[in-house]
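One structure is given here, and the rest of the page talks about it.
Here is how names work: the chains are called A, B, and so on, in the same order as the sequence lines, proteins then strands, and each is numbered from 1.
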2 protein chains.
Amino acid sequence: MLIPNAGGVSAAAIATPNDSETPNPGFDVDGHRGDLRAIGRSRHFLRNRQIYSEGDDADCVFKVESGVVRTYKLLRDGRRQINAFHGPGSVFGLEIGKVYGISAAAASDCAVTSYGRRNLEALAAYNDQLLLQLFSSVMLSLAREQEHSVSLGRRSATEKLAIFLLSCAGQSAGGRDILLEMSRKDIADYLGLTIETVSRTFSDLEHRAFIELHGARRVRLTDITGLRDLCA
Amino acid sequence: MLIPNAGGVSAAAIATPNDSETPNPGFDVDGHRGDLRAIGRSRHFLRNRQIYSEGDDADCVFKVESGVVRTYKLLRDGRRQINAFHGPGSVFGLEIGKVYGISAAAASDCAVTSYGRRNLEALAAYNDQLLLQLFSSVMLSLAREQEHSVSLGRRSATEKLAIFLLSCAGQSAGGRDILLEMSRKDIADYLGLTIETVSRTFSDLEHRAFIELHGARRVRLTDITGLRDLCA
DNA sequence: CGAAGCGTTGACGCGGATCAAAGGCAGTGG
DNA sequence: CCACTGCCTTTGATCCGCGTCAACGCTTCG
């Protein structure tokens, strides 16, 4: 079976360390773990280190082990749009073409496993489970990107940030305490805003008692229902 | 070979009738055309007719034969974000989950071929070429959505429209005459603008001699280089 | 000829960008 | 342990691009 129902694969949340609801399908093929382990190589990146750039030869696929990776595009004048944050379990770097169509960098210190593309393809050629997981991870990325487009095109700053925080919290997971591993600039470039607007909107949400800020990185969602109601 | 370089698959242009540069990989498996023909069913939709809605059972995959299909998401208050326009050759409706994650409707009168999902899966199970083409069409959708996000998040109205027109023209194809098959509202909801802003921007581009408008639907790009320069 | 939709144009207001400056906060060196 | 330094974040003042509201024109069709 090649395009089956993948059970509870939801497309909403951004994968984060505490995101227990929508784990991006990693490579966990029963009975083939050994194979995968053999071709995977563990690598570490410090915050803001480049992992690959748009146009580089796409010879590796990555899975996040810890920390957060951002994938993004740059315009010539320096404007940046972050397409996705990838937390633990999330797969990125999969390409059909010869080169990467998007750049990737560490949004926080992070550990990833890299898989040589040729090796991975060879493995997938006779392993339907792995192939399905790769397919699923692309479909999940697409569904998230579609949802993200709605935010970018049709939502206000408040709605964008509310949705972002909810997805960070993994929505229904008990964890209403979030540790934001990325900078304000990263959040701004993800949501299509400026850092000033992001900061003001954080403050506004706090004044309106939807959240509590403990430093810039720690956020407690004190009114999740209210946050949900904020976003149409 | 399962995740090979797919030759010249570029991620930039929107598939349109005159888009000869980046045809979305259809189903054209050599030696298996008969099989595909057998399971494909031809269907017609009048402008604005619904093809499927978010949440419907995802039991069909579609390929556009003529006309343009829009895929979009709706917020509860009626705001709409069009994620993509699908022209001839473009595949849409492919899902991993049980239901469609996005809605589809006819942006113009159009003809599509629908493939029963079970049949298509069965065929793909022993046909690597078909499987690769399905994979490619999803990757292409993802790449376009990523490019679209940059427009939505980081570009001005003028840049958005310039890029849109260029992609309609198939960029480097000789055809500088475009027939827009979708309404101003569709364009606005695709670009994250209002119809008034779209209309004003069309007029502005005409005054600045980048384009000529012959009625609302016919556009001639008189200065393609200039249009390119407009978008960073 | 009249009515209904779609597209264009104008006047005005607002949300978020820009410009500017003043806090935190971590890392470094004395 | 504290002062210094540089970066990140917050906050304030102002500006402007695009949204909103409104009216009018064009096209299609009965």
Side-chain angles (χ1 to χ4, degrees), chain A residues 46-48 70 75 77-81 107-109 151-162 164-165 178-208 211-219 230-232, chain B residues 46-48 70 75 77-81 107-109 151-162 164-165 178-208 211-219 230-232:
Chain A
L46 294 176
R47 164 175 291 226
N48 290 329
R70 62 175 179 252
L75 299 184
D77 60 9
R79 281 176 289 178
R80 183 178 69 159
Q81 177 64 49
S108 68
D109 294 352
S151 280
L152 290 173
R154 288 300 181 210
R155 290 189 191 280
S156 70
T158 305
E159 293 174 318
K160 286 176 178 180
L161 192 59
F164 175 72
L165 290 174
I178 308 171
L179 178 60
L180 297 171
E181 303 203 47
M182 66 293 287
S183 69
R184 289 290 186 268
K185 179 81 177 116
D186 281 346
I187 297 175
D189 283 349
Y190 178 68
L191 298 178
L193 300 169
T194 59
I195 50 178
E196 292 95 331
T197 297
V198 169
S199 183
R200 270 185 260 272
T201 307
F202 265 115
S203 301
D204 182 55
L205 288 177
E206 184 170 37
H207 291 144
R208 296 207 268 158
I211 65 175
E212 281 171 19
L213 289 167
H214 300 97
R217 299 295 172 102
R218 287 217 157 273
V219 188
L230 280 182
C231 358
Chain B
L46 293 177
R47 164 174 292 226
N48 290 329
R70 61 175 181 250
L75 298 184
D77 60 9
R79 279 176 289 178
R80 184 178 69 159
Q81 178 64 50
S108 68
D109 295 351
S151 280
L152 290 173
R154 288 299 180 211
R155 288 189 191 280
S156 70
T158 303
E159 292 173 319
K160 286 176 179 180
L161 193 58
F164 174 72
L165 290 175
I178 308 171
L179 178 60
L180 297 171
E181 304 203 47
M182 66 293 286
S183 69
R184 289 290 187 267
K185 179 82 177 113
D186 282 345
I187 297 174
D189 284 350
Y190 178 69
L191 299 178
L193 300 169
T194 59
I195 50 177
E196 292 94 332
T197 298
V198 170
S199 184
R200 270 186 261 273
T201 308
F202 265 116
S203 300
D204 182 54
L205 288 177
E206 185 170 35
H207 291 143
R208 296 207 269 158
I211 64 175
E212 282 172 19
L213 288 168
H214 301 97
R217 299 295 173 102
R218 286 216 157 274
V219 188
L230 280 183
C231 357

Checklist outcome for this item: The residue, A:Gly215 or A:Val198, whose nearest nucleotide of DNA chain C is more 5′ is A:Val198

Next on the checklist: Is the phosphate of C:dG15 approached by A:Ser156 (side-chain N or O, under 4.0 Å from OP1 or OP2)?
Outcome noted: no

Next on the checklist: For D:dT11 and A:Ser203 - does any side-chain N or O of the residue sit under 4.0 Å from the phosphate oxygens OP1/OP2?
Outcome noted: yes

Next on the checklist: Between A:Ser199 and D:dT10, is there a contact of a side-chain N or O with OP1 or OP2 at under 4.0 Å?
Outcome noted: yes

Checklist entry - A:Leu205 CG to D:dT9 P: how many Å, rounded? => result 17 Å

Checklist entry - Rounded to whole angstroms, how far apart are NE2 on B:His214 and P on D:dC26? => result 17 Å

Next on the checklist: Which nucleotide wins on minimum distance to the side chain of B:Ala216, given the candidates C:dG16, C:dT8, D:dG19?
Outcome noted: C:dT8

Checklist entry - Between B:Asp186 (CG) and C:dC6 (C1'), how many Å, whole number? => result 12 Å

Checklist entry - Rounded to whole angstroms, how far apart are CG on B:Leu161 and C1' on D:dC18? => result 14 Å

Next on the checklist: Using a 4.0 Å heavy-atom cut-off, does B:Ile195 contact any base of the nucleic acid, only the sugar-phosphate backbone, or nothing at all?
Outcome noted: nothing

Checklist entry - For the side chain of B:Glu196 and the base of D:dC21, is some donor closer than 3.5 Å to an acceptor across the two? => result yes

Next on the checklist: Rounded to whole Å, how long is the line connecting atom NZ of A:Lys185 with atom C1' of C:dA17?
Outcome noted: 12 Å

Checklist entry - Just to confirm, is there a sub-4.0 Å distance from OP1 or OP2 of C:dT8 to any side-chain nitrogen or oxygen of B:Arg184? => result yes

Next on the checklist: Checking the side chain of B:Arg217 only, and the main-chain atoms of B:Leu179 only, is there a donor and an acceptor separated by less than 3.5 Å?
Outcome noted: no

Next on the checklist: Measure CG/B:Leu180 against C1'/C:dC6 and give the value in whole Å, please.
Outcome noted: 14 Å

Checklist entry - Under 4.0 Å: is that the gap between some side-chain N or O of B:Arg217 and OP1 or OP2 of D:dT27? => result no

Checklist entry - Do A:Arg200 side-chain and C:dG15 base share a donor-acceptor contact under 3.5 Å? => result no

Item to check | Under 4.0 angstrom between B:Ser183 side-chain N/O and C:dC6 OP1 or OP2 | outcome: no

Item to check | Rounded interatomic separation in angstrom, taking CD from B:Glu159 and P from D:dC18 | outcome: 9 Å

Checklist entry - Whole-Å distance between C:dG15 P and A:Arg154 CZ? => result 16 Å

Item to check | Side-chain donor or acceptor of A:Arg154 paired with backbone N/O of B:Arg79 under 3.5 Å | outcome: no

Next on the checklist: Quick one: does any side-chain atom of B:Arg47 pair with a main-chain N or O of B:Glu181 as donor and acceptor, under 3.5 Å?
Outcome noted: yes

Checklist entry - So how far is it from A:Gln81 CD to A:Leu191 CG, rounded to the nearest 0.5 Å? => result 8.5 Å

Next on the checklist: Taking atom CZ as the centre, does A:Arg218 end up with more than 12 heavy-atom neighbours from other residues, nucleotides or ligands that are less than 6.0 angstrom away?
Outcome noted: no

Checklist entry - Side-chain N or O of B:Thr194 less than 4.0 angstrom from OP1 or OP2 on D:dT20? => result no

